[in-house]
Protein chains: 2
Amino acid sequence: MNINISKIAKMARVSTATVSRVINNPEKVSAKTRERVESVISKLGYVPNQQARSLRSQQTKMIAIIVPHSADYLFTYPYFSIFLRETSLELSRLGYHLILTTDEPHNSVIDTYRVFTDKRLVDGFVVLDLKNEDERVDFLKLRNIPFVAVGRNEKDKDISFVDTDNEGGAYLAGKHLARKGCSHVLFINGPADQSVSLWRERGFQKAAQEMNFTFLGRNGDFVEKSGFEITKKHLGQFDGIFAASDLMAIGALKALREEGVSLPVVGFDDIPISSDVSPSLTTIHQPIDEVGRRAAINLIRLISEDHTETTILPVELIVRESSEVKR
Amino acid sequence: MNINISKIAKMARVSTATVSRVINNPEKVSAKTRERVESVISKLGYVPNQQARSLRSQQTKMIAIIVPHSADYLFTYPYFSIFLRETSLELSRLGYHLILTTDEPHNSVIDTYRVFTDKRLVDGFVVLDLKNEDERVDFLKLRNIPFVAVGRNEKDKDISFVDTDNEGGAYLAGKHLARKGCSHVLFINGPADQSVSLWRERGFQKAAQEMNFTFLGRNGDFVEKSGFEITKKHLGQFDGIFAASDLMAIGALKALREEGVSLPVVGFDDIPISSDVSPSLTTIHQPIDEVGRRAAINLIRLISEDHTETTILPVELIVRESSEVKR
DNA sequence: TTGTATGCGTTATCAC
DNA sequence: GTGATAACGCATACAA
């Protein structure tokens, strides 16, 4: 009762092979029969069964994003769903679908990767939240499974990745704070094992040398609370703050407000809410939508053309109220 | 070279049928051969090929969430990714995977549903953002495809759904505002065609009657900007605000602050940031994580047991600073 | 250019 | 309790 390729073949008075060709290699079929087959296809509204195609062609047309349990903060980050939206949209355009999953807390990080691979569920992975030493990358390289990383590290320079200019962004933030008169800055960075933190530290370091200011570096975990706590803890030891995420910057501002202190604060990301909080947030804008799109594009390019593509996207300083000083 | 069921069969000196039984109906195999087969399976690390299983069993073990283009605000809502996380996690536990996608702007709303169905890509859908009249529901019902709705409407009472007690939540908000001395409230509701808006209007109405206050109802679109604009527009016509989302409440507060007015404001959702903005937000807490989990559970229950389950989860008033009046 | 035939890796039906 | 075998729906090597 389900309409399949042989029903189409029968109705168009051709073989199933020809129907298949019309769908996958139309140029190999004469115009006349092609038209006949196509008309039957559209009349019956036939759509090939993806499961059968996958089994036969050994391609699932599926891409997985496995959010590590350790990167749970991603789910509370407004930023993240925009990334998901763009990645999934671009994948659709390229004929792929996105499977979103998290790993089980008690399992090893790569267990989920292993299962997905062994079940032949997907053709490739998007690896988020790249670490300086990343066992997921090791695993996927070893098994020769296509993937694209979001972020980049020193160790794995030969892989497909998309990243933003984190070093340049941190540099811009540092320069801006220096111009606002800061000489001892509290730098609330992300977790130390994340590659992104390394780049930002580097860029901030560079600005500090050039602009002749010092800074106190601490590691947060990207969410409000850590920004709040780190700020409270080091109060009095700085005259400006650079936070590696807008949420941490918002936490920092809250701490400052509680203490009745007003100092320049710069965040990172430019999430939607940053322009609506009070004071509105000076921050480094990342083109997250473009990151999502490029992740999809680079991955599919790797899969279909075996081409390793690396993309580094520019960032931008957005000046708003939080870096205005009223001393 | 790929390890499959017949390789296992050969090594365990049984037929493929027996291997399959060991995997799917172990009780139909004698203990002795079962153990032998199992040991080979674990020794070789064999995992059944999902594509072959899907083709044969006509079950993909995949569930899709198609985010309508019209519900794009979901992607900027912190709320949403928590929902995704819990749904996907619960689905995994139940042996399913989550496909996340958006529909193409220029297509009809149900086109993507049609494609997913025709390609036999998924076993069911999670329908978000339920409308009072929802063509997606009509389509899925007609085709007899399993789905669970998040939200409920008057028209489709016979479907599996998960919802929160929106009516009760709005009632609580109304009562709270009345107790804070409000007599003319600005009610910034969600879009009029969404079922959730209807329930909240109903609950708020009820509180207004009981507590003897009046209100001005307007429809926003859940994001900051609309809360901001509606508040600005009606300034002077109210002495308290109830917004149907925390983001709109934050927008409303921003507008009030700009005008130098301080009035009680209550939001809805209790997104993570609501406790960290200033003033912190009084709001109706929704158990979004539980909503996500239940969506998965109810859907799989429908698929595997053909059981239609409806769940309505309780909400809670969280009192914070934004409803404290300093007149 | 088109058709025939085979197999992708499973599960399920039927014998034994 | 176990095995042989036929599908599931499609794509492709090979033959014509």
Side-chain angles (χ1 to χ4, degrees), chain A residues 1-38 40-41 44-62 95 115-123 304, chain B residues 1-38 40-41 44-62 95 115-123 304:
Chain A
M1 38 152 253
N2 266 333
I3 154 174
N4 56 25
I5 203 171
S6 56
K7 188 168 293 175
I8 301 292
K10 219 166 277 173
M11 295 197 58
R13 296 178 327 254
V14 293
S15 71
T16 60
T18 299
V19 178
S20 180
R21 278 187 212 108
V22 168
I23 294 166
N24 301 296
N25 306 91
E27 73 284 358
K28 293 188 178 173
V29 180
S30 79
K32 218 171 77 185
T33 55
R34 191 191 331 142
E35 278 166 31
R36 197 168 71 244
V37 172
E38 277 169 349
V40 174
I41 287 179
L44 296 205
Y46 165 71
V47 177
N49 179 314
Q50 182 58 42
Q51 308 309 324
R53 290 185 117 172
S54 298
L55 178 59
R56 171 65 228 224
S57 62
Q58 309 283 33
Q59 297 185 49
T60 65
K61 296 289 179 182
M62 298 272 178
V115 172
F116 270 59
T117 306
D118 290 345
K119 280 174 130 178
R120 322 262 134 173
L121 223 42
V122 298
D123 296 340
S304 54
Chain B
M1 36 150 254
N2 267 333
I3 153 174
N4 55 27
I5 203 172
S6 56
K7 188 168 292 173
I8 301 294
K10 218 166 278 173
M11 294 197 59
R13 296 178 326 257
V14 293
S15 71
T16 61
T18 297
V19 178
S20 181
R21 276 188 214 107
V22 168
I23 294 167
N24 301 297
N25 307 92
E27 72 283 0
K28 293 189 179 172
V29 180
S30 77
K32 217 171 77 185
T33 57
R34 192 191 330 142
E35 277 165 31
R36 196 167 72 244
V37 172
E38 277 169 350
V40 174
I41 286 179
L44 297 204
Y46 165 71
V47 177
N49 179 315
Q50 182 58 41
Q51 307 309 323
R53 289 186 120 169
S54 297
L55 179 58
R56 172 65 228 221
S57 61
Q58 310 283 33
Q59 296 186 49
T60 66
K61 297 289 179 182
M62 298 273 178
V115 171
F116 269 59
T117 305
D118 290 346
K119 280 173 129 177
R120 323 264 132 166
L121 223 43
V122 297
D123 297 340
S304 54

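By convention in this document, chain letters (A, B, ...) are assigned in the order of the sequence lines, proteins followed by strands, and residues within each chain are numbered from 1.
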message: For a 4.5 angstrom cut-off between non-hydrogen side-chain atoms, does B:Asn4 reach B:Asn49?
response: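 No, too far: nothing below the 4.5 Å cut-off.
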Report which part of the nucleic acid [X] touches: base, sugar-phosphate, or nothing (heavy-atom distance under 4.0 Å, all strands).
X       : result
B:Val14 : sugar-phosphate
A:Ser57 : nothing
A:Ser54 : nothing

Take atom [atom1] of [X] and atom [atom2] of [N], then tell me their distance rounded to the nearest Å.
X        : N      : atom1 : atom2 : answer
A:Arg120 : C:dG9  : CZ    : P     : 8 Å
A:Asn25  : D:dA11 : CG    : C1'   : 9 Å
A:Gln51  : D:dC10 : CD    : C1'   : 12 Å
B:Lys119 : D:dC10 : NZ    : C1'   : 15 Å
B:Arg21  : D:dT2  : CZ    : P     : 8 Å
A:Arg56  : C:dT6  : CZ    : P     : 13 Å
A:Gln58  : D:dC10 : CD    : P     : 16 Å
B:Ile5   : C:dA12 : CD1   : C1'   : 12 Å

message: Before you tell me yes or no, could you show the steps for A:Thr16 and A:Ser20 under side-chain contact (heavy atoms from CB on, under 4.5 Å), namely the whole-Å CA-CA distance, both residues' side-chain angles and the distance that decides it to 0.1 Å?
response: CA-CA 6 Å; A:Thr16 60; A:Ser20 180; over 6 Å; no
Spell out, as yes or no, whether a donor-acceptor pair under 3.5 Å connects the side chain of [X] to the backbone of [Y].
X       : Y       : value
B:Gln51 : A:Thr60 : no
A:Asn25 : A:Lys28 : no
A:Ser57 : A:Arg53 : yes

message: B:Val22 and side chain to side chain contact (heavy atoms under 4.5 Å, CB included): which single residue from B:Thr33, B:Val40, B:Val29 fits?
response: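 Only match with B:Val22 under side chain to side chain contact (heavy atoms under 4.5 Å, CB included): B:Val29.
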OP1 or OP2 of [N] versus the side-chain N and O atoms of [X]: is any pair under 4.0 Å?
X       : N      : value
B:Ser30 : D:dT2  : yes
A:Asn49 : D:dC10 : no
B:Thr18 : D:dT2  : no

message: Closest-nucleotide mapping onto DNA chain D: is B:Thr16 or A:Val19 further toward the 5' terminus? I mean the 5' end.
response: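 Closer to the 5' end of DNA chain D: B:Thr16.
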- request: Kindly calculate the angle separating the two end axes of the helix from C:dT1-D:dA16 to C:dC16-D:dG1, each obtained from five base pairs, and round it to 10 degrees.
  value: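 Inter-axis angle at the ends, rounded: 40°.
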query: Mapping A:Arg13 and A:Leu55 to their closest nucleotides on DNA chain C, which lands nearer the 5' end?
result: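 Nearest-nucleotide comparison on DNA chain C picks A:Arg13.
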Rounded distance [0.5 Å steps], CD in B:Glu27 versus CZ in B:Arg34: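 Going from CD on B:Glu27 over to CZ on B:Arg34, the span is 8.5 Å.
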